[in-house]
Amino acid sequence: MVDDSIAPDPDLYSSQPTYYPDDWQSETTSIGSSIYRGLMENGRRYQTLSEKEYLVPSDDQMFETYEAGHLVAMVLDSDKENPLFRSPVGSQPKHVLDIGTGKGNWAIDVADMFPDATVRGVDLFPPPVTWMPPNCVLEVDNILNEWTWREPFDLIHMRIMTGSFDSAEWDRVYKACYNNLRSGAWIEQIEASPYIECDDGSLPSDNVLCTWGPNVSDCGKRAGRDLDSIDTMQESIHKAGFVDIQEQSYKWPIGPWARDQKYKEAGIVNYQHWLSGMEGWCMWLLTKFGTPKPWTKEDVQVYNAKLRTELKNPHFHIYQRVRRVWARKPMQDELTGKTPEKAIKVEDD
Ligand SMILES: C[S@@+](CC[C@H](N)C(=O)[O-])C[C@H]1O[C@@H](n2cnc3c(N)ncnc32)[C@H](O)[C@@H]1O
């Protein structure tokens, strides 16, 4: 029997953002719980710790997406002894930081790999993690606030942080990383291009998938958050004073089309990554900054349905570009007062 009393009342479900006052339950409702509740908008939950909006939701669907993204990265580097990072930190790093840790997958795996290290993951939203290795600490904080960690880090890692900051904020983040690493320690960042690409002409140029990159990039520009970190991070890292800059480029296939088994597996997981991620990646951007006027939630859902249909086509040999950059803070005696040499080593996959 259907209980009509719990049927959704359309008047109760507005498309406007829903703010929950901190004191809606009792006076003792903690700040913690208000952070957990977040802000509901267009059916998705967004963080409220930072006054500045972050463009991607922090909800279960997004955490699933982060998990899938982590798996793609792991599969593509599964032939490496350490698929988690390339920085040569030695076998006994003591302090590691993961900025914008999301669901904490990377931080947790690094903590497992280095049981003697303390691995911190920091994010605007508390991750839904039920078990963690004892040497992993997931913290809720805005990385743009003053850093209060006392120990200098051996490695600071960021992955898929594109769109999190404007360019002045990026400079602040890199500077804070520099100041909080010990001499000779490493920064490492992985970023993905927002464009869906194809090298062999199998994706017709008028396909809706070709509109995705330009659409979200243009919205990012209008929002003051360029989505081009993949192409700018190396220069920014250099500008912050890091040396020994190295990079590796990847193609993350989308779908099972690749001949090579490793790429085929990565493509299958990346397809799921896109299916679960797309709506969250574009909802805020298109409903705030879409053209010719901000899109409605329904416009975005229809657009996503079309994209999903096309993504399923195994004849489209599509991929996204991803780049990993790692670099070292100079040793004290290297700091002679002049700008460090820009030495870039490139590896292609
Ligand atoms: C696209 S997610 C990537 C998550 C994770 N690095 C991964 O690869 O699975 C970016 C994360 O950065 C976090 N973030 C954005 N701005 C931040 C800030 N100012 N301080 C801390 N975390 C931030 C977001 O909340 C989000 O969880």
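Bear in mind the structure is a predicted one, so any value in this text is a computation, not a measurement. In listed order, ligands and their atoms are each counted from 1.
- Between R328 and E334 a salt bridge is recorded (basic side-chain N to carboxylate O distance below 4.0 Å).
- Between the side chains of D98 and H157, at least one donor N or O lies within less than 3.5 Å of an accepting N or O.
- Remark: the W149 side chain and the E139 side chain contain an N/O donor-acceptor pair separated by less than 3.5 Å.
- Below 4.0 Å from some heavy atom of T101 lie the following atoms of ligand 1, by number and element: 5 (C).
- The existence of a salt bridge linking R323 and E247 is confirmed by a sub-4.0 Å separation between a basic side-chain nitrogen and an acidic carboxylate oxygen.
- Donor-acceptor pairing under 3.5 Å is recorded for the side chains of E310 and N207.
- Nearest to atom 1 (C) of ligand 1 among the protein's heavy atoms is I160 O, 3.1 Å.
- When only non-hydrogen protein atoms are considered, atom 16 (N) of ligand 1 lies nearest to L124 CD1, 3.5 Å.
- Of the protein's heavy atoms, I143 N, 3.0 Å lies nearest to atom 20 (N) of ligand 1.
- The only member of R44, R37, K103 that meets salt bridge (charged side-chain N to carboxylate O under 4.0 Å, His left out) when paired with D59 is R44.
- If you check which protein heavy atom lies closest to atom 10 (C) of ligand 1, you get Y54 OH, 3.2 Å.
- Residue I268 is not grouped with residue L275 when hydrophobic side chains (ILVMFWY) are merged at heavy-atom distances under 4.5 angstrom, including chains of intermediate members.
- With hydrogens left out, the protein atom closest to atom 15 (C) of ligand 1 is S164 OG, 3.5 Å, a heavy atom.
- For the pair D123 and ligand 1, the shortest N or O to N or O distance falls below 3.5 Å.
- Heavy-atom contacts of D141 reach the following atoms of ligand 1: 20 (N), 21 (C) (cutoff under 4.0 Å).
- The protein heavy-atom contact nearest to atom 8 (O) of ligand 1 is R159 NE, 2.7 Å.
- With a 4.0 Å cut-off on non-hydrogen atoms, M161 touches ligand 1 through its side chain and not its backbone.
- Of all protein heavy atoms, the one closest to atom 5 (C) of ligand 1 is G100 O, 3.2 Å.
- Of all protein heavy atoms, the one closest to atom 19 (N) of ligand 1 is N142 OD1, 2.8 Å.
- Aromatic rings of H273 and W281 (six-membered ring for Trp) have centroids within the 6.0 Å cut-off, being under it.
- Only the side chain of F165 comes within 4.0 Å of ligand 1, counting heavy atoms alone; its backbone N, CA, C and O stay farther away.
- Where the criterion is an N or O separation shorter than 3.5 Å, residue side chain and backbone included, I99 fails it with respect to ligand 1.
- Residues D231 and R321 have side chains in contact (heavy-atom distance under 4.5 Å, counting atoms from C-beta outward).
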